[in-house]
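This chain uses plain numbering: 1 for the first residue, then up along the sequence. Any value given below was found using the heavy atoms of this structure, including those in side chains, with hydrogens, waters and symmetry copies removed.
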Amino acid sequence: MTPALDLLKKVRAEHRIHSYEHDPKAASYGLEAAEKLNLAPAQVFKTLLASSEKGELLVAVVPVTGSLDLKALAQAAGVKKADMAAVEVAQRATGYLVGGISPLGQKKRLRTFIDRSALDFPSIHVSAGRRGLEVELSAETLAQHTQAQFAAIGRGA
């Protein structure tokens with residue numbers, strides 16, 4: 001179990017767990033998950049961390065088929081600027097390793113933003129807290145348990 005799955009179990013949130021054999025040489029962890037689990041890539045979301053000009057860490061959940069629009073994230077968060085957070089900072093703040101960062105069950109409660117496209121699907125897939133482990137749940141359930149806001153923060157999905 002991971003902190004993400006522990007949280008979902010504790011609050012009795014509806015979810016399904018999917019696992020696969022992770023290849024450490026995979027170029028994209030999210031696309032690897034979509035391929036190995038036979039999922040539509042647009043329904044698989046990656047968790048990224050950005051830092052505002054004041055050093056506030058922000059969590060962004062966007063489709064693996066695209067990228068994070070840092071300007072759109074900054075606007076959604078009401079900050080002037082956002083840049084990608086350093087790997088060590090992201091890992092320390094969340095308690096997860098890059099490639100397995102879940103938006104759920106992080107060590108620190110960070111403001112979270114989910115790309116609005118997540119609402120287009122009955123369920124989405126996000127990391128369950130380690131490479132090779134995904135959790136399927138509704139975007140609304142994810143937002144509820146991360147206190148997230150929906151915003152158009154993805155690009156090219």
Any idea which heavy atoms bring [X] and [Y] closest together, and the distance?
| X | Y | answer |
| --- | --- | --- |
| G30 | V44 | O-CG1, 3.7 Å |
| A128 | A4 | O-CB, 3.4 Å |
| S127 | P103 | O-CD, 4.1 Å |
| T65 | A42 | CG2-N, 4.0 Å |
| A152 | A72 | O-CB, 3.3 Å |
| T47 | Q106 | CG2-NE2, 4.2 Å |

So do the side chains of [X] and [Y] get within less than 4.5 Å of each other, counting heavy atoms only?
| X | Y | result |
| --- | --- | --- |
| E53 | V79 | yes |
| L104 | L137 | yes |
| L68 | R155 | no |
| I101 | L97 | no |
| L57 | V89 | yes |
| P63 | S117 | yes |
| L119 | F150 | yes |
| L110 | V59 | yes |

Can you say whether the rings of F45 and F121 are parallel (under 30°), tilted (30 to 60°) or perpendicular (over 60°)? perpendicular
Out of curiosity, [X] [atom1] to [Y] [atom2], how far, rounded to the nearest 0.5 Å?
| X | Y | atom1 | atom2 | result |
| --- | --- | --- | --- | --- |
| M84 | L70 | CE | CG | 6.5 Å |
| L142 | T112 | CG | OG1 | 8.0 Å |
| Q43 | I124 | CD | CD1 | 9.0 Å |
| E32 | E134 | CD | CD | 9.5 Å |
| H22 | L133 | NE2 | CG | 12.0 Å |
| R130 | S19 | CZ | OG | 8.0 Å |

According to a hydrophobic-cluster definition based on side-chain heavy atoms being under 4.5 Å apart (Ile, Leu, Val, Met, Phe, Trp, Tyr only), do [X] and [Y] belong together?
| X | Y | answer |
| --- | --- | --- |
| V64 | Y20 | yes |
| V61 | I17 | yes |
| L31 | L48 | no |
| L8 | M1 | yes |
| L58 | V62 | yes |

Does [X] have more than 12 heavy atoms from other residues, nucleotides or ligands lying within 6.0 Å of its [atom1]?
| X | atom1 | value |
| --- | --- | --- |
| E35 | CD | no |
| Q91 | CD | yes |
| K9 | NZ | no |
| R111 | CZ | yes |

Between E136 and H15, a side-chain donor and acceptor under 3.5 Å: no
Under the criterion side-chain contact (heavy atoms from CB on, under 4.5 Å), I'd like the reasoning laid out for H145 against V11: C-alpha separation, chi angles, the key distance, then a yes or no. CA-CA 9 Å; H145 297 293; V11 298; 3.4 Å; yes
E21/K36 salt bridge by N-O under 4.0 Å criterion: no
